[in-house]
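Heavy-atom basis, side chains included; hydrogens, waters and symmetry copies ignored.
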Amino acid sequence: MPKPNWRYILSVKMEDYSGAQWMTMFDEAATMIVGKDANTLAEMAKAAPEDDDTSEVDKILQDAQFQEFIVRARIRVRGRWSCWLCIRA
C-alpha cells in the first residue's frame, strides 16, 4: 500500500502593531513556519507514544509559536480576493 503524502493546513494567529488576524497557511508556507515537512512530522508523531506530552512533535510545534516572521499574505474580504498584504517583522 502506498504511503500518503501528508500536507499542512495550519491555522495561525498573526499579530503586528495594528492588531491580530487569524489566517490559514497551506503546505509550503506552513512548512517554513514549522521547520519540518508534514511527512516528517507525521512519521515522528506515529513513532511517539500517545501519552508522551514532551514528544519531539510537541517540542517542534511549541518552538514555532511566538516567533517573528516576514509574511506576504493574500487577504480575502467578503468572499473575494481583494488585496495583497506584506507584513514586516
Side-chain angles (χ1 to χ4, degrees):
M1 183 161 77
K3 286 184 168 181
N5 184 23
W6 294 95
R7 297 179 60 80
Y8 288 115
I9 300 176
L10 185 67
S11 293
V12 297
K13 186 176 181 182
M14 305 294 277
E15 296 187 28
D16 68 2
Y17 66 91
S18 64
Q21 183 66 44
W22 281 96
M23 297 182 181
T24 301
M25 292 186 162
F26 296 101
D27 195 55
E28 185 179 339
T31 298
M32 287 190 275
I33 299 296
V34 175
K36 300 258 185 215
D37 65 60
N39 287 316
T40 303
L41 206 64
E43 299 257 334
M44 293 170 70
K46 189 190 298 187
E50 287 188 30
D51 61 345
D52 184 9
D53 290 337
T54 60
S55 72
E56 187 67 23
V57 174
D58 289 337
K59 183 177 178 344
I60 290 168
L61 295 175
Q62 288 173 358
D63 288 346
Q65 297 179 33
F66 306 109
Q67 301 296 317
E68 291 185 8
F69 297 96
I70 297 174
V71 178
R72 180 176 169 172
R74 191 164 69 166
I75 307 300
R76 185 165 74 181
V77 178
R78 294 191 185 117
R80 25 171 236 234
W81 296 106
S82 63
C83 65
W84 283 90
L85 172 68
C86 187
I87 302 170
R88 301 272 179 213

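Summarising the geometry of Val57 relative to Ala45, their closest heavy-atom pair is CG2-N, 3.5 Å, with the distance given to 0.1 Å.
Taken together through direct or relayed side-chain contacts under 4.5 Å among Ile, Leu, Val, Met, Phe, Trp and Tyr, Phe26 and Val12 form parts of separate hydrophobic clusters. In the hydrophobic cluster analysis, where Ile, Leu, Val, Met, Phe, Trp and Tyr join through side-chain heavy atoms closer than 4.5 angstrom, Met14 is grouped apart from Met32.
The side chain to side chain donor-acceptor pair (under 3.5 Å) contacts involving residues 38-49 comprise Lys3-Glu43, Asn5-Asn39, Asp37-Thr40, where partners must be two or more places apart or lie in separate chains.
From Asp63, atom CG reaches atom CG of Asp58 across 10.5 Å, with rounding to the nearest 0.5 Å. Separation of atoms CD (Glu68) and CG (Asp16) is listed at 11.0 Å; rounding is to 0.5 Å. If you take NZ on Lys13 and CE on Met23, they are separated by 12.0 Å, rounding to the nearest 0.5 Å.
Counting heavy atoms of neighbouring residues, nucleotides and ligands inside a 6.0 Å radius, atom CD of Gln67 exceeds 12 of them.
Remark: Ala38 pairs with Trp6, Tyr8, Asp27 by the side-chain contact (heavy atoms from CB on, under 4.5 Å) rule, at least two apart or across chains.
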